[in-house]
Amino acid sequence: MPTSPRVRFAPSPTGYLHVGGARTALFNWLFARRHGGTFVLRIEDTDVERSSDEMVEGILDGLRWLGLDWDEGPGAGGSHGPYFQSQRLARYREMAEQLVASGHAYYDYRTPEQIGAEREAAQAGNGDWRHHRGGRGLAADQVAAFERERRPRAIRFLVPEGSTTYVDLVHGPIAFDHDHIEDFVVLRSDGHPTYHLSVVCDDIDMRITHVVRGDDHISNTPKQVLLYGAFGAPLPRFAHVPLILGPDKKRLSKRHGATSVTEYERQGFLPEAMVNFLALLGWSPGDDRELFTRDELVAAFTLEGISGGHAVFNPDKLVWFNNQHIMRLPAEALAGRVEPLLRAAGTWDESLAGDRRPWLLSVLDLLKPRAHRLHDFVTQAQPLLSDVIHYDEAAVARYLAPPGTRAHLAALRETLAALPAFDAATLETAIRTLAEARGVKAGTLIHAARVSVTGRAASPGIFEVLALLGRDRVLARLDAAMAMAG
RNA sequence: GUCCCCGUCGUCCAGAGGCCUAGGACGUGGCCCUUUCAAGGCUAAAACGCGGGUUCGAAUCCCGCCGGGGACGCCA
């Protein structure tokens with residue numbers, strides 16, 4: 001019985017949660033949930049200069065919006081904390097010293113400037129920098145002298161000769177020759193760890209079993225594998241997921257438009273749609289299914305299903321997913337998401353939460369197939385929620401202005417006023433009968449009616465719209481429209 | 001420059017030697033439904049980067065090339 005997996009998402013709070021990070025988090029989350037494992041959230045804030053509390057909150061908000069809850073980490077507790085790297089500094093120093101003590105690392109007294117010069121010289125020569133271990137093999141008295149003057153020192157990992165292979169869950173076996181790895185710094189002269197040291201220490205301490213992260217870390221992995229070996233710690237399984245690229249095949253960035261998940265929330269996307277879309281960007285269940293609920297994704301997810309190629313972000317498909325998920329969302333749930341937008345637009349009324357609730361839900365159901373983003377509900381429901389009609393000039397010119405329209409509307413008004421019931425079916429029969437009696441196509445009355453009651457040339461089915469508006473409001477709008485009809 | 005990863009329709013994926021006259025989805029065109037706009041249905045165009053092998057047989061395996069991406073820091 002294998003122990004349940006522990007995975008982590010370890011963002012550095014130097015920016016908001018962008019879609020690439022969100023997808024990495026999603027894959028980790030799906031894997032944990034699929035196998036009843038633990039999803040750890042760790043904040044890699046060792047780069048104090050570029051990190052901030054607001055950024056941390058922004059990232060947490062993004063994760064919460066997507067519904068990716070973490071079992072251990074900020075706000076969630078856990079017995080492997082602290083989960084902020086800035087609070088683990090002492091541990092990293094301890095681990096680094098341990099490396100020196102065991103002969104896996106050494107002190108380097110050179111300054112960054114000195115090394116930069118050496119590197120340039122080397123690269124100008126044969127280009128092989130790795131072999132310049134200038135900081136190593138110092139005489140004992142030299143070291144003593146440096147220590148006496150309390151000269152700053154960094155700790156460098158001593159890369160052994162040879163080669164290593166590890167098996168990547170998405171890429172298969174990856175072999176690397178130690179010749180291409182230089183003696184990297186694990187602890188800076190200011191006592192701060194470098195990325196390689198901190199991730200490995202944390203992943204060991206936090207008992208991480210599967211490291212699922214971006215493809216850009218694939219060439220860092222050899223160094224980390226070496227560190228695991230030096231610490232005598234078991235190697236976790238690695239799964240490197242390909243990056244998300246922009247339409248120009250370049251790494252997704254600001255100039256490709258929105259890259260922050262929060263921005264997509266603002267634009268009216270459903271987290272369900274975002275999750276579905278992101279999951280299928282670089283992963284496939286192995287068959288042709290496309291539409292997934294969160295639970296279905298959990299049930300279908302495997303790391304092996306991640307494809308090795310880079311994926312280009314396709315905004316059109318996101319919109320399609322959004323519409324699909326909107327149509328599948330129960331009206332009641334939808335109402336909760338749309339309410340804030342209606343409030344902001346000034347078309348919200350408290351009765352919509354009370355006795356007019358069923359009516360609102362009918363409106364939403366009617367609008368669903370036409371809504372690509374949440375905001376579409378606001379614009380399309382406007383003529384139903386408000387009695388302030390904005391008449392579209394072109395629509396009026398085309399369907400109200402033609403001579404004879406006023407007479408049609410008058411007849412329509414008379415018919416509707418006398419109707420025994422005001423439901424869609426009754427309305428349809430009445431209007432079609434009227435059209436026949438007046439010798440015009442039903443469309444003539446329908447179009448005129450549409451512009452009269454909505455002010456627009458496009459709307460949901462007119463009979464449903466009329467029924468939803470109710471007789472009084474319809475008659476009033478017909479009266480108003482007759483004044484501008486030809 | 002060195003090392004690593006990747007390479008199927010415009011895009012996202014399926015394909016793990018014969019089931020492939022290469023399948024699905026988004027987008028695009030056409031048709032249907034129809035009161036408009038959507039949604040929905042049907043349909044069309046659209047791809048195995050190139051060249052060598054291996055094999056009776058290759059999108060699938062191997063090599064080279066080309067192309068794309070990434071990493072080479074006392075950043076993460």
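Note that these values count all heavy atoms, side chains included, but never hydrogens, waters or copies made by symmetry. Letters A, B, ... mirror the listed sequences (proteins, then strands); counts begin at 1.
Here, B:rA22 and B:rA58 have their P atoms 15 Å apart, quoted to the whole Å. Going from the C1' atom of B:rA47 to that of B:rG15 covers 13 Å, rounded to whole Å. Using atom C1' as the reference point in both B:rC72 and B:rC26, the two lie 37 Å apart (nearest Å). Taking the P atom of each, B:rA76 and B:rG40 are spaced 48 Å apart, rounded to whole Å. Taking the C1' atom of each, B:rC56 and B:rC63 are spaced 22 Å apart, rounded to whole Å. Nucleotides B:rC9 and B:rG24 place their C1' atoms 12 Å apart, quoted to the nearest Å. Here, B:rC42 and B:rG49 have their P atoms 30 Å apart, quoted to the whole Å. A gap of 16 Å separates the P atoms of B:rU2 and B:rG73, to the nearest Å.
In this structure, A:Gly443 and A:Thr194 both approach RNA chain B, and ranking their closest nucleotides by distance from the 5' end singles out A:Gly443. Take the nearest nucleotide of RNA chain B for A:Asp190 and for A:Ser307: the residue whose nucleotide is more 5' is A:Ser307.
Counting any heavy atom pair closer than 4.0 Å across all strands shown, A:Ala457 reaches a base atom. Among the heavy atoms of the strands, none lies under 4.0 Å from A:Thr444. Within 4.0 Å (heavy atoms only), A:Ser284 reaches sugar-phosphate atoms of the nucleic acid but no base atom. Residue A:Ile462 is in base contact, counting any heavy-atom pair closer than 4.0 Å across all strands shown. Using a 4.0 Å heavy-atom distance criterion, A:Phe277 is classed as making no nucleic acid contact. Counting any heavy atom pair closer than 4.0 Å across all strands shown, A:Asp287 reaches no nucleic acid atom. The residue A:Pro315 sits apart from the nucleic acid: no heavy atom pair falls under 4.0 Å. A:Ser189 comes within 4.0 angstrom of a nucleotide base, judged by non-hydrogen atoms across all strands. Across all strands, A:Pro242 comes closer than 4.0 Å to no nucleic acid atom at all (heavy-atom distances). Within the nucleic acid shown, A:Gly282 comes within 4.0 Å of sugar-phosphate atoms alone, with no base atom in reach, counting heavy atoms only.
Between A:Arg42 and the phosphate of B:rA76, there is no side-chain N or O to OP1/OP2 separation shorter than 4.0 Å. Neither OP1 nor OP2 of B:rC72 sits under 4.0 Å from any side-chain N or O of A:Ser219. For the pair A:Arg456 and B:rU36, the criterion of a side-chain N or O lying under 4.0 Å from OP1 or OP2 is not met. Note on A:Thr46: a side-chain N or O is less than 4.0 Å away from OP1 or OP2 of B:rA76.
A perpendicular orientation is assigned to the rings of A:Phe238 and A:Tyr228, their planes being inclined by more than 60° (bins at 30° and 60°). Ring planes of A:Phe301 and A:Phe31: perpendicular class, angle over 60° (limits at 30 and 60°). Ring-plane geometry between A:His240 and A:Tyr166 is classed as perpendicular, the angle between the planes exceeding 60 degrees on a 0 to 90 degree scale with a lower cut at 30.
Listed in residue order, the members of residues 368-382 of chain A having a heavy atom less than 4.0 Å from RNA chain B are A:Pro369, A:Arg370, A:His372.
Closest to the side chain of A:Ser12, out of B:rA76, B:rC13, B:rC37, is B:rA76. Picking from B:rU34, B:rC74, B:rU36 the nucleotide with the shortest atom distance to the side chain of A:Arg432 gives B:rU34. Listed nucleotides B:rC72, B:rC5, B:rC74 differ in distance to A:His171; the shortest reach to its side chain belongs to B:rC5. With distances taken from any side-chain atom of A:Ala154 to the nucleotides B:rC74, B:rG70, B:rU36, the minimum falls on B:rC74.
By the 4.0 Å N-to-carboxylate-O rule, A:Arg156 lies close enough to A:Asp108 to be salt-bridged with it. Look at A:Glu272 and A:Arg337 and you find a salt bridge, because one of the NZ, NE, NH1 or NH2 atoms lies within 4.0 Å of a carboxylate O, short of that distance. The pair A:Arg432-A:Glu428 counts as a salt bridge, with a side-chain nitrogen and a carboxylate oxygen less than 4.0 angstrom apart. Contact check on A:Asp376 versus A:Arg370 returns no salt bridge, with no Lys/Arg side-chain nitrogen under 4.0 Å from an Asp/Glu carboxylate oxygen. The pair A:Arg450-A:Glu464 does not meet the salt-bridge criterion, since no charged nitrogen lies less than 4.0 angstrom from a carboxylate oxygen.
Partner assigned to B:rG64 is B:rC50, using Watson-Crick or G-U wobble distances below 3.5 angstrom. Across all strands shown, nothing is found opposite B:rU36 as a Watson-Crick or G-U wobble partner with both distances under 3.5 Å. Nucleotide B:rG29 forms a Watson-Crick or G-U wobble pair with B:rU43, both donor-acceptor distances falling under 3.5 Å. Taking a pair to require two hydrogen-bonding distances under 3.5 Å in either a Watson-Crick or a G-U wobble arrangement, B:rG1 pairs with B:rC72. For B:rG23, the paired nucleotide is B:rC13, the pair qualifying as Watson-Crick or G-U wobble because both relevant distances are below 3.5 Å.
A ring-centre distance under 6.0 Å is found for A:His217 and A:Tyr195. A:Phe313 and A:Phe277 have their aromatic ring centers within a separation under 6.0 angstrom.
Remark: C1' of B:rC3 and CD1 of A:Ile218 are 12 Å apart, rounded to the nearest angstrom. Counting to the nearest Å, the P atom of B:rC37 and the CD atom of A:Glu464 are 16 Å from each other. A straight line from CD of A:Glu182 to C1' of B:rG73 spans 8 Å, rounded to a whole angstrom. Counting to the nearest Å, the P atom of B:rC72 and the CZ atom of A:Phe176 are 15 Å from each other. Taking atom CH2 of residue A:Trp283 and atom C1' of nucleotide B:rC6, one finds them 21 Å apart after rounding to whole Å. Whole-Å rounding puts the A:Ile155 CD1 to B:rC74 P distance at 14 Å. What separates CG of A:Asp168 from C1' of B:rG70 is a distance of 14 Å, to the nearest Å. Atom NE2 in A:His180 sits roughly 16 Å away from atom P in B:rG1 (whole-Å rounding).
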> What is the per-nucleotide protein-contact pattern of nucleotides 16-26 of chain B, from the 5' end, where B denotes a base atom under 4.0 Å from a protein heavy atom, S denotes such proximity for sugar-phosphate atoms only, and - denotes neither?
Replying inline: -------BBBB
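Applying the side-chain contact (heavy atoms from CB on, under 4.5 Å) test between A:His196 and each of A:Asn220, A:Leu226, A:Val186 identifies A:Asn220 as the sole match.
For A:Ser452 and A:Arg477, the side-chain atoms include no donor-acceptor pair closer than 3.5 Å.
Annotation: A:Arg151, atom CZ; neighbour count of heavy atoms from other residues, nucleotides and ligands within 6.0 Å is above 12.
Under the rule for a side-chain hydrogen bond (donor to acceptor under 3.5 Å, both in side chains), the partners of A:Glu44 that lie at least two apart in sequence or sit in another chain are A:Arg42, A:Gln85.
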